[in-house]
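Worksheet for the structure shown next.
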Amino acid sequence: GLSYSGYPLSGIGNSCRLRNNGNDAYKGFTADSIGAIYFSFMVKVDSAKSAGDYFAALIPPTSTTLYTARFYAKDSLGGLAFGLSKSTAGAGGIFYTGGNYTLGTTYVVVIKYIFNTGSTTDDVMNVYIFSAGLPATEPVSPTIGPVTGTANESALGRIALRQGSAANAPSLTIDGLRISKTWSNIVSVRNVNSIAQGFALSQNYP
């Protein structure tokens with residue numbers, strides 16, 4: 001697993017490796033459509049392509065196609081750039097950082113999706129990227145954002161990890177995925193219930 005000082009899920013073992021082939025993966029959470037959703041994770045990119053591609057996103061509870069809050073990585077003249085889009089590039093564009101990030105370095109990313117009810121196109125998202133430390137309160141200025149576009153989702157209820165195409169997708173390790181309704185819950189340690197949820201007898205070994 002990845003480690004990042006101050007992140008609650010740092011260094012506890014296990015991680016997910018994304019390469020430029022293979023299957024997508026989905027993990028559900030309690031669906032929501034009010035206020036904001038914070039999606040955070042640690043990421044270490046090993047290699048990226050100049051075209052870039054997204055590797056993490058949010059989707060509705062039963063969907064495998066309606067990706068929003070798409071988070072990208074691409075090569076930028078030997079450096080690493082991260083990007084965010086609301087939907088497809090044609091439905092609002094992809095917004096990239098400069099190539100001021102480094103391959104092989106662990107970063108913490110926090111994506112904020114804000115549900116608005118004024119129209120079908122007014123939901124907003126921001127992304128915060130950290131290379132050291134983690135602020136106790138939400139920064140005033142995001143790294144990328146605010147990002148809007150022409151597509152809103154009625155509700156979100158799944159994290160999507162996407163391995164993309166060999167021509168465009170980055171190779172990376174992602175770890176410590178969290179979903180919350182508040183910034184404070186993203187950066188603080190949650191109390192874990194130590195009571196067993198159930199018992200099972202598995203096949204003996206060998």
Side-chain angles (χ1 to χ4, degrees), residues 2 4 6-10 16 18 27 29 32 35-45 48 51-59 66-76 79-89 91-103 105-116 121-153 156 158-162 164 168-170 172-188:
L2 298 177
Y4 184 98
Y7 188 66
L9 298 182
S10 170
C16 181
L18 298 184
K27 179 66 175 179
F29 58 89
D32 208 334
I37 290 177
Y38 293 84
F39 170 32
S40 68
F41 51 87
M42 295 176 286
V43 63
K44 182 179 71 171
V45 179
D53 205 351
Y54 67 96
F55 61 86
L58 297 173
I59 52 177
L66 298 174
Y67 294 89
T68 190
R70 304 181 186 200
F71 193 69
Y72 299 71
K74 74 172 184 177
D75 175 80
S76 179
L80 175 63
F82 290 114
L84 181 70
S85 73
K86 187 174 184 181
S87 181
T88 64
I94 306 170
F95 299 87
Y96 279 100
T97 64
N100 52 325
Y101 296 94
T102 307
L103 296 173
T105 297
T106 298
Y107 298 98
V108 165
V109 175
V110 182
I111 298 171
K112 180 182 182 182
Y113 188 101
I114 305 166
F115 292 100
N116 291 313
T121 62
D122 64 350
D123 287 0
V124 177
M125 60 201 63
N126 296 319
V127 67
Y128 306 86
I129 305 171
F130 303 100
S131 59
L134 200 58
T137 57
E138 184 175 336
V140 174
S141 299
T143 309
I144 306 173
V147 171
T148 60
T150 60
N152 282 356
E153 299 300 341
L156 295 173
R158 277 180 166 184
I159 294 169
L161 299 182
R162 182 173 177 270
N168 298 329
L172 57 87
T173 302
I174 189 170
D175 194 7
L177 283 70
R178 300 190 86 176
I179 288 284
S180 180
K181 291 291 292 178
T182 66
W183 181 275
S184 60
N185 284 340
I186 285 291
V187 301
S188 64

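Throughout, numbering of the chain's residues begins at 1 and tracks the sequence. Computation of the quantities below employed the complete heavy-atom set of this structure, encompassing side-chain atoms and omitting hydrogens, waters and symmetry-equivalent molecules.
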Where [X] and [Y] come nearest, the two heavy atoms and their spacing:
X      : Y      : result
Thr68  : Met125 : OG1-CE, 3.8 Å
Asn168 : Ala51  : OD1-CB, 3.2 Å
Ser40  : Ile186 : OG-CD1, 3.4 Å

Side chain to side chain contact (heavy atoms under 4.5 Å, CB included) partners of Leu2, counting only residues at least two apart: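 For Leu2, the residues satisfying side chain to side chain contact (heavy atoms under 4.5 Å, CB included) (neighbours in sequence not counted) are Met42, Lys44, Thr106, Thr173, Asp175.
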
Audit row: Val127, Phe71, side chain to side chain contact (heavy atoms under 4.5 Å, CB included) steps and yes/no: CA-CA 9 Å; Val127 67; Phe71 193 69; 3.6 Å; yes

Ile159 side chain near Phe29 side chain, heavy-atom distance below 4.5 Å: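 Yes; the side chains approach each other to less than 4.5 Å.
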
Under 3.5 Å, which donor-acceptor pairs do the side chains of residues 130-142 form with other protein atoms, sequence neighbours left out?
{"residue": "Glu138", "atom": "OE1", "partner": "Tyr38", "partner atom": "OH", "Å": "2.4"}
{"residue": "Glu138", "atom": "OE2", "partner": "Lys112", "partner atom": "NZ", "Å": "3.0"}
{"residue": "Glu138", "atom": "OE2", "partner": "Tyr128", "partner atom": "OH", "Å": "2.8"}

Donor-acceptor side-chain pairing of Tyr54 and Ser85 below 3.5 angstrom: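 Not at all, the side chains of Tyr54 and Ser85 share no donor-acceptor pair under 3.5 Å.
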
Residue pair Tyr96 / Ser76, side-chain donor-acceptor N/O under 3.5 Å: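 No, Ser76 and Tyr96 have no side-chain donor paired with an acceptor closer than 3.5 Å.
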
N-O pairing of Lys74 and Asp53 below 4.0 Å: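 Looking at Asp53 together with Lys74, the answer is no, because their closest N to O distance does not fall below 4.0 Å.
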
Lys27: salt bridge (Lys or Arg N to Asp or Glu O under 4.0 Å) partners, not counting sequence neighbours: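 Scan of Lys27 (salt bridge (Lys or Arg N to Asp or Glu O under 4.0 Å), adjacent residues dropped) gives none.
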
Passing option when Tyr113 is tested against Asn126, Asp123, Asp32, Val124 for side chain to side chain contact (heavy atoms under 4.5 Å, CB included):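 Among the candidates, only Asp123 passes.
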
